[in-house]
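Report on the structure given below.
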Amino acid sequence: MAIDVAAVVLFVAVGRRNHDEANSITGVLGTAAPFLIALAVGWLVSRSWTSPFTRAAIATTWISTVVVGLALRRLVFGDGIATPFIVVATITLGVLIIVGRVIAKRLSRSRS
């Protein structure tokens, strides 16, 4: 879902801005890459395309994005994952993914 991608990119862009890192497209995409890959894993595991608005699909997508994203960030991309970052990533991605799906559900209802 495009709204999930937007949530991950927003999370990264705000984080980079708060840490005075450049928000170039390549910088944001480079930082977002492990989480975007993890998001795709979450979609596959939850089969989000079949029923994207169920609690199970949302929770599975969120947790997969955080856990797999942090693991990829550390093990494949070689970036740090300090405890405060884990907490912030978990909460922020959860809120953004949940709110995004709620907005998408409401928009899909209003179109039909």
Side-chain angles (χ1 to χ4, degrees):
M1 298 183 73
I3 198 79
D4 293 344
V5 173
V8 170
V9 171
L10 178 62
F11 161 68
V12 168
V14 170
R16 289 180 61 84
R17 182 175 179 176
N18 286 341
H19 292 282
D20 295 323
E21 295 176 350
N23 268 335
S24 67
I25 298 287
T26 56
V28 170
L29 290 178
T31 303
F35 294 101
L36 292 172
I37 294 166
L39 179 62
V41 169
W43 289 338
L44 291 171
V45 170
S46 69
R47 297 177 42 99
S48 276
W49 62 90
T50 60
S51 27
F53 306 120
T54 64
R55 287 187 178 132
I58 294 169
T60 302
T61 300
W62 165 33
I63 298 304
S64 297
T65 301
V66 172
V67 172
V68 176
L70 290 171
L72 287 171
R73 179 179 165 90
R74 178 71 182 112
L75 300 173
V76 176
F77 290 79
D79 294 323
I81 55 166
T83 301
F85 179 70
I86 295 169
V87 172
V88 169
T90 302
I91 293 169
T92 305
L93 286 169
V95 168
L96 291 173
I97 289 171
I98 292 166
V99 169
R101 296 272 181 117
V102 167
I103 290 169
K105 184 176 183 176
R106 288 194 177 152
L107 289 174
S108 70
R109 280 185 186 165
S110 68
R111 288 183 186 152
S112 45

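Atom CG of Leu10 sits about 10.0 Å away from atom CD1 of Ile3, to the nearest 0.5 Å. To the nearest 0.5 Å, atom CG of residue Leu96 and atom OG1 of residue Thr65 are 11.5 Å apart. The distance from the CD1 atom of Ile97 to the OG atom of Ser64 is 9.5 Å, given to the nearest 0.5 Å.
With sequence neighbours left out, Leu29 forms a side-chain contact (heavy atoms from CB on, under 4.5 Å) with Ile25. Under the rule for a side-chain contact (heavy atoms from CB on, under 4.5 Å), the partners of Val76 that lie at least two apart in sequence or sit in another chain are Leu72. Partners of Thr31 under the side-chain contact (heavy atoms from CB on, under 4.5 Å) rule, at least two apart in sequence or in another chain, are Val12, Arg16, Arg73. Contacts of Thr26 classified as side-chain hydrogen bond (donor to acceptor under 3.5 Å, both in side chains), with partners at least two apart in sequence or in another chain: Ser24. Applying the side-chain contact (heavy atoms from CB on, under 4.5 Å) criterion to Ala38, with sequence neighbours excluded, gives Val68. Annotation: side-chain hydrogen bond (donor to acceptor under 3.5 Å, both in side chains) contacts of Thr60 (sequence neighbours excluded): none.
Residues Ile63 and Leu44 are members of separate hydrophobic clusters, defined by side-chain heavy-atom contacts under 4.5 angstrom among Ile, Leu, Val, Met, Phe, Trp and Tyr. In this structure, Phe77 is not a member of the same hydrophobic cluster as Leu36, with clusters built from ILVMFWY side-chain heavy atoms closer than 4.5 Å. The cluster map of Ile, Leu, Val, Met, Phe, Trp and Tyr, joined by side-chain heavy atoms under 4.5 Å apart, puts Met1 and Ile98 in different clusters. Taken together through direct or relayed side-chain contacts under 4.5 Å among Ile, Leu, Val, Met, Phe, Trp and Tyr, Ile58 and Val5 form part of one hydrophobic cluster. Taken together through direct or relayed side-chain contacts under 4.5 Å among Ile, Leu, Val, Met, Phe, Trp and Tyr, Val66 and Ile81 form part of one hydrophobic cluster.
The backbone N or O of Lys105 sits less than 3.5 Å from a side-chain atom of Ser108, completing a donor-acceptor pair. No side-chain donor-acceptor contact under 3.5 Å links Ser51 to the backbone of Thr54.
Within the structure, ring pair (Phe, Tyr, Trp, His ring centres under 6.0 Å) pairs that include any residue of residues 26-59 comprise Phe11-Phe35 (at least two apart or interchain). Every pair tested for salt bridge (Lys or Arg N to Asp or Glu O under 4.0 Å) that includes a residue from residues 40-51 fails, sequence neighbours excluded, so the list is empty. Applying the salt bridge (Lys or Arg N to Asp or Glu O under 4.0 Å) test to pairs two or more places apart or on separate chains, none has a residue in residues 51-64. The salt bridge (Lys or Arg N to Asp or Glu O under 4.0 Å) pairs that include a residue from residues 1-14 are Asp4-Arg101, where partners are two or more places apart or lie in different chains.
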Could you go through residues 84-92 and list every donor-acceptor pair under 3.5 Å that involves a side-chain atom there, pairing it with any protein atom two or more places apart or in another chain?
| unit_1 | atom_1 | unit_2 | atom_2 | d |
| --- | --- | --- | --- | --- |
| Thr90 | OG1 | Ile86 | O | 2.7 |
| Thr92 | OG1 | Val88 | O | 2.8 |

**Asked** For Arg74 and Leu70, what are the C-alpha separation, side-chain angles and deciding distance, and is it a side chain to side chain contact (heavy atoms under 4.5 Å, CB included)?
**Response** CA-CA 6 Å; Arg74 178 71 182 112; Leu70 290 171; over 6 Å; no
